[in-house]
There are 2 protein chains.
Amino acid sequence: MKKSIQSTAELARHLGLSRWSVSRAINGQGGVSAGTTAQVRAAMEEYGFTPSPHGRALRGHRTGAIGICFRELDTPITIQKVAHIQRLLSRRGFRPLFEFTELDQRMGTDVIRHFISMRVEGVLLVDTPPGPEVNEWQRMLKQHGIPAASVEPVGPITQNSVHLDREEAMARVTAHLAALGHRRFALAGISPEYPLGRVRHNGVMRALAAAKISTAPEILSLPNVRPAGLRYGRQLAELLLARSRQPTAILAINDEVAAGVLWRLQRAGLNCPGDFSLFGFDNLALSEQTTPALSTVDHNVEVVAAAAVDLLGQLIELGPNAKLPVVKIEPHLIVRESIAAPPR
Amino acid sequence: MKKSIQSTAELARHLGLSRWSVSRAINGQGGVSAGTTAQVRAAMEEYGFTPSPHGRALRGHRTGAIGICFRELDTPITIQKVAHIQRLLSRRGFRPLFEFTELDQRMGTDVIRHFISMRVEGVLLVDTPPGPEVNEWQRMLKQHGIPAASVEPVGPITQNSVHLDREEAMARVTAHLAALGHRRFALAGISPEYPLGRVRHNGVMRALAAAKISTAPEILSLPNVRPAGLRYGRQLAELLLARSRQPTAILAINDEVAAGVLWRLQRAGLNCPGDFSLFGFDNLALSEQTTPALSTVDHNVEVVAAAAVDLLGQLIELGPNAKLPVVKIEPHLIVRESIAAPPR
DNA sequence: CTGAAAGCGCTTACAG
DNA sequence: CTGAAAGCGCTTACAG
């Protein structure tokens with residue numbers, strides 16, 4: 001079995017070089033002959049040797065680590081973000097250091113401290129919470145010279161941030177349906193009381209105004225129930241069935257709720273899209289698998305992730321005091337079978 | 001603004017102590033007065049100071065890091081595992097270092113190298129791949145004195161491993177239905193051709209033999225299609241509808257496939273559980289939200305995660321050469337509305 | 001281009 | 001109980 005190599009010193013001894021030449025070859029900073037560099041690189045590959053991140057970090061060299069802080073890993077979209085960010089960072093030679101705060105403010109502060117002590121080169125706050133703790137985190141990071149970017153912040157963040165343009169998404173959905181002739185809209189679970197709901201509601205109102213539709217959309221929601229899941233959709237559909245006059249276009253907070261609405265209304269004998277048109281949100285696998293297939297809004301997660309990694313890259317170059325404008329990502333409408341002109 | 005403290009030396013200066021006393025107080029190894037220890041602890045809390053992991057690691061002290069290697073983050077179950085493992089490890093004072101291999105063998109080897117260079121104290125291989133690369137990973141880790149445990153390995157692993165007892169789960173499901181009088185079974189997407197499918201198939205066969213049922217279960221599957229999703233379930237249901245004689249009990253590979261089967265058969269006018277009984281697997285949120293609510297098998301993820309963290313803890317104490325027996329976790333049957341006696 | 005020193009933050013010996 | 005040295009693996013100055 002091949003002897004394993006554990007340090008630059010061992011590698012140098014093995015190659016008959018000085019430790020310093022080896023270090024220079026690894027870091028490619030010049031001051032060493034091309035032949036030596038090639039020899040060192042080859043040996044690293046052969047023995048699977050990577051210089052100790054601890055040694056490098058201590059000496060003040062860049063650690064190559066990026067702290068990624070998530071609130072929760074509870075939606076497929078967040079998970080897709082993780083996957084893309086991981087891939088994009090490693091392509092740039094960074095190592096992601098994932099941590100989860102589980103909505104706990106104190107855990108969040110611990111996570112930031114850990115990032116600082118690990119000397120990460122930058123931090124990505126994904127699904128950044130809306131509360132004031134974020135300001136404290138940013139202050140801590142800035143004090144240590146570590147740049148941070150927000151991805152999909154829930155609260156209002158005015159710089160160094162990337163998010164899907166939800167307002168635009170809803171405006172487009174609404175405009176699409178208005179152009180088909182729809183005049184009576186219902187919002188299933190999209191309530192202006194939640195921060196992200198407000199943004200989406202604004203988009204609907206903007207498009208209705210532009211289409212000169214004065215009938216306000218009907219807002220369906222249940223107090224004190226988390227607006228998620230098939231069952232929630234079914235419950236909202238029941239609210240709708242109790243109405244004397246039905247809306248012809250239903251915009252759901254997400255695909256699962258949309259599927260629940262669909263299921264319940266179909267059971268009541270209504271036809272989609274004959275009697276009503278339906279839009280989901282998120283473009284989950286589920287949306288493609290209902291009958292009729294759901295129209296929905298894709299998050300463009302790949303683009304969001306790329307923009308976030310890009311933004312952080314710029315901040316790392318510019319330093320922790322840089323302030324870059326908010327990046328809004330274009331939503332992508334997916335029109336499937338659940339959409340048609342309203343019934344006459 | 002309070003001055004921030006960055007090293008044990010600064011902390012010592014600030015408290016008028018020697019750096020060494022501070023280090024001893026932090027590590028609680030004795031050789032320092034209780035008063036000094038308390039004073040140091042209080043100051044750490046006040047300034048939010050944590051000693052540099054890089055410094056500790058370099059000096060040979062334990063790093064407190066545990067490498068967690070995942071294949072993919074594609075199922076809710078895997079994600080629940082991540083969450084529980086993270087919580088349990090931090091409760092023990094460890095820091096999880098998450099990495100994803102994305103089914104790529106070379107990426108996997110890189111991940112293991114990274115763990116080694118980070119001097120993790122142990123490694124958890126979650127959803128361990130079935131291929132030979134795992135042996136290589138284990139060899140690399142052992143060579144560096146790092147213990148590793150497998151969680152839910154897909155291939156056969158005979159030691160230091162924790163997994164749900166899938167065979168037992170299917171045996172219980174089958175026995176439950178047999179006791180209700182069912183004699184004709186169908187397996188939706190559970191095929192003995194896949195490693196985990198074989199294990200589950202064995203469980204069914206064992207229970208059928210015990211119930212003296214000689215009619216072999218009908219295996220529904222589609223070649224070259226990944227057995228997942230509502231649509232797959234609907235397609236399997238169509239195979240079933242084409243049969244002249246229908247089974248009365250359907251066991252699905254997971255809840256999504258079960259929901260697809262349910263949807264399609266209901267559409268064809270069949271009644272669940274009047275005409276057929278249906279079992280899912282995974283206990284996803286979805287299973288509770290169909291009508292009728294699906295019976296299913298819960299993974300006991302919390303217990304799996306606890307057993308895994310426990311096993312790794314033991315291995316860390318015993319050293320990397322220890323061999324502990326495989327831990328099988330009891331499945332938990334969730335019986336809901338989709339189960340009844342077969343039609344007469 | 002190459003060699004040797006200094007020092008990052010820490011802990012583990014070893015003296016007192 | 002406390003002090004001071006040595007050294008983990010590395011890179012960045014500084015000499016040659």
Side-chain angles (χ1 to χ4, degrees), chain A residues 4-40 43-44 47-65 95 113-121 144-145, chain B residues 4-40 43-44 47-65 95 113-121 144-145:
Chain A
S4 87
I5 286 193
Q6 310 255 19
S7 70
T8 50
E10 274 183 50
L11 184 59
R13 212 175 305 132
H14 177 255
L15 294 174
L17 296 167
S18 78
R19 290 142 60 199
W20 302 282
S21 302
V22 167
S23 171
R24 282 186 275 249
I26 290 173
N27 293 294
Q29 310 235 32
V32 68
S33 75
T36 308
T37 302
Q39 189 189 4
V40 169
M44 283 177 72
Y47 290 92
F49 169 71
T50 335
S52 156
H54 300 301
R56 309 186 105 178
L58 219 47
R59 198 54 193 84
H61 189 268
R62 59 184 292 269
T63 57
R95 280 279 175 186
R113 274 189 201 157
H114 185 229
F115 286 159
I116 291 170
S117 71
M118 287 299 286
R119 301 208 187 206
V120 299
E121 295 184 44
H144 290 267
Chain B
S4 88
I5 287 193
Q6 310 255 19
S7 69
T8 50
E10 274 183 50
L11 184 58
R13 213 176 303 131
H14 176 256
L15 295 174
L17 296 167
S18 78
R19 291 143 57 199
W20 302 282
S21 302
V22 167
S23 171
R24 281 187 275 250
I26 290 173
N27 292 293
Q29 311 234 30
V32 68
S33 75
T36 309
T37 302
Q39 189 190 2
V40 170
M44 283 177 72
Y47 290 92
F49 169 72
T50 335
S52 156
H54 299 302
R56 309 186 105 178
L58 218 48
R59 197 54 193 84
H61 189 267
R62 57 186 293 269
T63 56
R95 281 279 175 186
R113 274 189 201 158
H114 185 229
F115 285 159
I116 291 169
S117 71
M118 287 300 285
R119 299 206 190 209
V120 299
E121 295 184 44
H144 290 266

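Residue numbering restarts at 1 for every chain, and letters A, B, ... go by the order of the sequence lines.
Proximity note for A:Arg56 (side chain, C-beta onward) versus C:dC10, D:dC10, D:dG3: the nearest is D:dC10.
Counting heavy atoms from C-beta on, the side chains of A:Leu11 and A:Met44 come closer than 4.5 Å. At a threshold of 4.5 Å between non-hydrogen side-chain atoms, the residues A:His54 and B:Met118 count as touching.
As a whole-Å value, the separation of A:His54 NE2 from C:dC8 P is 19 Å. Summarising the geometry, the separation between CD1 on A:Ile26 and P on D:dT12 is reported as 12 Å, rounded to the nearest angstrom. Remark: C1' of D:dT12 and CG of A:Leu58 are 14 Å apart, rounded to the nearest angstrom. Going from atom CG of B:Leu15 over to atom P of D:dG3 covers 13 Å, rounded to whole Å. In this structure, A:Arg59 places its CZ atom 15 Å from P of C:dA5, rounding to the nearest Å.
At C:dG9, one or more side-chain N or O atoms of A:Arg119 fall inside 4.0 Å of OP1 or OP2 (strictly under the cut-off). For the OP1/OP2 pair of D:dT2 and a distance below 4.0 Å, the side-chain nitrogens and oxygens of B:Ser18 include no atom meeting the criterion. Phosphate contact (OP1/OP2 of C:dG3, side-chain N/O of A:Ser21, threshold under 4.0 Å): present.
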#### Entry: Under the 3.5 Å Watson-Crick or G-U criterion, the dot-bracket string of DNA chain D, with | for inter-strand pairs
|||.||||||||.|||

What are the atom names and distances for every N/O pair under 3.5 Å that joins the protein to nucleotides 13-16 of chain D?
from, atom 1, to, atom 2, distance (Å)
D:dA13, N6, A:Arg24, NH1, 3.2

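Taking for each of A:Ala34 and A:Arg19 the nucleotide of DNA chain C with the nearest heavy atom, the 5'-most of the two is the partner of A:Ala34.
Contact annotation for A:Thr8: backbone-only contact, meaning every heavy-atom pair under 4.0 Å involves sugar-phosphate atoms and none involves a base. Residue contacts for A:Ser23: at a heavy-atom cut-off of 4.0 Å it reaches a base atom on one of the strands shown.
With sequence neighbours excluded, no residue satisfies side-chain hydrogen bond (donor to acceptor under 3.5 Å, both in side chains) with A:Ser7.
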